[in-house]
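See structure below.
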Number of protein chains: 2
Amino acid sequence: MPANSSSPGTFMVRKLSSIFSLSDEEKQALHDLPMQVVPLERDQDIVRAGDQPSQCCLVLEGFTYVYKLTLEGQRQILALHVPGDIPDLQSLHLKVVDISLAPIFPCTVGFIQHEDLRRLYERYPRLTAVLWRETLVHASIHREWLLNNGQRAAYARLAHLLCELLMRLSAVGLVENDTFHLPVTQSELADATGISSVHMNRVLQALRADGLIETQGKQVHVLDLEKLKQAGGFDPLYLQLEDGVAT
Amino acid sequence: MPANSSSPGTFMVRKLSSIFSLSDEEKQALHDLPMQVVPLERDQDIVRAGDQPSQCCLVLEGFTYVYKLTLEGQRQILALHVPGDIPDLQSLHLKVVDISLAPIFPCTVGFIQHEDLRRLYERYPRLTAVLWRETLVHASIHREWLLNNGQRAAYARLAHLLCELLMRLSAVGLVENDTFHLPVTQSELADATGISSVHMNRVLQALRADGLIETQGKQVHVLDLEKLKQAGGFDPLYLQLEDGVAT
DNA sequence: CGCCTAGTTGAACTTGGTCAATCGGAGTGG
DNA sequence: CCACTCCGATTGACCAAGTTCAACTAGGCG
């Protein structure tokens with residue numbers, strides 16, 4: 001690992017290099033990307049639908065999510081992002097973004113200029129594939145969510161979502177003893193799974209009653225991962241993780 | 001348009017160049033891609049979940065769709081593809097595909113070797129962005145489907161899906177007088193929108209009764225596009241079409 | 001202490017699912 | 001040409017998961 005392993009880009013490099021072996025030079029180039037580190041406020045969209053951004057957002061600490069609204073104002077959360085993710089990398093090639101991106105407070109992100117990214121992969125062509133791949137994995141997660149939200153009952157949907165978060169947070173080293181920090185509201189979980197917040201509350205209680213999870217404040221402790229996977233019909237293939245756990 | 005405008009790749013070139021102005025040389029390179037043209041049989045998957053393909057599939061005539069199954073065997077259709085689409089372009093960078101790809105009979109596709117695609121965009125770097133962009137647009141459609149299937153009632157879901165198909169088929173010149181050919185079963189429409197086939201039948205009848213559409217065999221005739229868009233809360237931004245209609 | 005947000009609970013209600021039977025049209029073999 | 005078969009479309013009756021509305025509780029913070 002390069003010398004500056006505590007630079008803002010650490011999670012990103014860790015994540016990208018875990019699935020595509022990079023040379024030290026390429027890793028260093030990623031670390032050296034100019035980045036504007038910004039701690040975000042509550043209720044402040046990072047990107048708004050209709051924007052034409054000239055930069056991308058890298059999650060450094062905490063979570064972000066992308067969402068869309070129907071004309072009637074119902075919110076669907078389309079994806080959650082963990083440290084190391086670049087939620088709006090697609091804006092590099094799609095002029096107008098059609099989604100909104102918001103942080104889950106507290107959250108710190110790094111803004112990277114599109115032109116710096118383009119310079120990066122023109123100089124290191126293999127990094128094109130790495131970044132492209134990053135967008136493809138997010139598309140793969142979208143597909144799994146379509147299956148999850150379209151074909152599974154509410155209980156299974158939540159179980160599946162929790163399995164996914166456990167795996168993705170493990171991959172960047174943010175899980176200990178099957179426990180992770182998840183500072184989202186029940187209403188956000190509901191909008192991610194396409195159920196009402198009242199029902200989300202009941203489903204959470206059911207998962208607790210069945211001994212699959214335990215929550216303390218915003219900590220989620222998975223008590224029985226095997227049962228949780230089974231309940232959600234979870235198969236991690238779609239996450240395209242190589243080994244699954246960061247060192 | 002290059003001389004061989006009736007080559008198998010015509011729809012693809014038409015589609016890709018409509019959103020990213022290409023030089024004649026780049027268009028010609030796309031036309032010249034080696035391709036194995038295959039008319040498909042009924043009930044024959046093109047790609048199966050778990051495969052590690054060394055080629056991509058370009059839709060030439062008809063439709064294809066990707067789907068996933070839950071462990072209980074329920075099918076969710078994740079995307080529909082029209083001529084010019086490359087449904088499994090992601091396999092270029094994701095080793096194991098996690099989805100299955102199937103044709104809607106009758107259907108003809110062209111298989112393009114991954115190495116030929118790589119050679120193409122190494123020689124014409126701007127085409128990297130074009131292909132990357134293609135995968136990003138599909139991801140954008142996935143997001144809209146998540147919103148559609150998660151937040152809208154069945155009637156609106158179907159209206160939205162029909163609007164999308166009308167726009168995408170228009171973009172490749174396959175719509176005349178607001179009429180297009182859609183050789184899918186009601187059961188497939190149901191699995192795409194996450195409702196039961198019985199209910200899909202009723203929703204279709206409702207759309208017909210309300211005078212929004214008319215069907216004759218597998219032809220769909222949109223009678224009132226404005227009302228259909230309104231019913232589905234349809235906003236075409238996510239399709240990232242430049243002008244929307246092919247010449 | 002009071003406010004505000006998120007979480008929790010109960011009860012009535014609705015959308016859409018399930019089951020089961022029937023219809024209809026296209027292809028097939030006699 | 002006709003009977004047979006098969007698959008998809010259609011219909012009706014009943015059922016259940018999840019929504020909606022409304023009230024109430026609990027925790028964090030100025």
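All chains are named by letter (A, B, ...) in the order of the sequence lines, taking the proteins before the strands, and each is independently numbered beginning at 1.
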Output a table of donor-acceptor pairs, distance under 3.5 Å, between side-chain atoms of residues 211-218 of chain B and any protein atom two or more places apart or on a different chain; print 'none' if there are none.
unit_1	atom_1	unit_2	atom_2	d
B:E214	OE1	B:H221	ND1	3.4
B:T215	OG1	B:R208	NH1	2.9
B:K218	NZ	B:V184	O	3.2

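- Annotation: A:Q44, atom CD; neighbour count of heavy atoms from other residues, nucleotides and ligands within 6.0 Å is above 12.
- Taking every heavy atom of residues 203-217 of chain A and every atom of DNA chain D, no pair lies under 4.0 Å.
- Between the P atom of C:dG24 and the CG atom of B:N201 lies a distance of 14 Å, rounded to the nearest Å.
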Under 3.5 Å, which donor-acceptor pairs do the side chains of residues 197-206 of chain B form with other protein atoms, sequence neighbours left out?
unit_1	atom_1	unit_2	atom_2	d
B:N201	OD1	B:Q205	NE2	2.4
B:N201	ND2	B:Q186	OE1	2.9

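- Counting only N and O atoms by type, the side chains of A:N148 and A:T193 include no donor and acceptor under 3.5 Å apart.
- Distance B:K218 NZ to C:dG25 C1': 11 Å, rounded to the nearest Å.
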Exercise for the section: Assess whether side-chain contact (heavy atoms from CB on, under 4.5 Å) is satisfied between B:M35 and B:L60, documenting all intermediate values. Expected result: CA-CA 11 Å; B:M35 191 184 304; B:L60 299 176; 4.2 Å; yes

Provide a list of protein-nucleic acid N or O atom pairs under 3.5 angstrom, restricted to nucleotides 19-23 of chain C.
none

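- A salt bridge links B:K15 with B:E134: the closest approach of a Lys/Arg side-chain nitrogen to an acidic carboxylate oxygen falls below 4.0 angstrom.
- Other residues, nucleotides and ligands contribute at most 12 non-hydrogen atoms within 6.0 Å of the CD atom of A:E176.
- Taking atom CD of B:Q186 as the reference point, atom C1' of C:dG24 lies 13 Å away to the nearest angstrom.
- A:R14 places a side-chain N or O within donor-acceptor distance of the main-chain N or O of A:V172, the cut-off being under 3.5 Å.
- With salt bridges taken as basic N to acidic carboxylate O contacts below 4.0 Å, one links B:R48 and B:D45.
- Atom CD of B:Q74 sits in a crowded spot, with more than 12 heavy atoms from other residues, nucleotides or ligands closer than 6.0 Å.
- Considering only residues two or more places apart in sequence or on other chains, A:L71 meets the side-chain contact (heavy atoms from CB on, under 4.5 Å) condition with none of them.
- Scored by the ring-ring contact (aromatic ring centres under 6.0 Å, His included) test, B:H142 finds no partners at all (sequence neighbours excluded).
- Within residues 148-156 of chain A, the residues having any heavy atom closer than 4.0 Å to DNA chain D are, in order of number, A:A153, A:A154.
- Using a 4.0 Å heavy-atom distance criterion, A:S196 is classed as a base contact.
- Residue pairs meeting the salt bridge (charged side-chain N to carboxylate O under 4.0 Å, His left out) criterion with at least one member in residues 154-168 of chain A, sequence neighbours excluded: A:D85-A:R168, A:E164-A:R168.
- Across its full length, the helix from C:dC1-D:dG30 to C:dG30-D:dC1 shows an angle of 40° between the axes of its 5 terminal pairs at either end, rounded to 10 degrees.
- Under the ring-ring contact (aromatic ring centres under 6.0 Å, His included) criterion, A:H160 pairs with A:F234, A:Y238, not counting sequence neighbours.
- Taking atom NE2 of residue A:H199 and atom C1' of nucleotide C:dC13, one finds them 15 Å apart after rounding to whole Å.
- Taking a heavy-atom distance under 4.0 Å as the criterion, the stretch of DNA chain D touched by chain A extends 5' to 3' from D:dG18 to D:dC21.
- For B:Y65, the ring-ring contact (aromatic ring centres under 6.0 Å, His included) criterion is met by B:Y67, not counting sequence neighbours.
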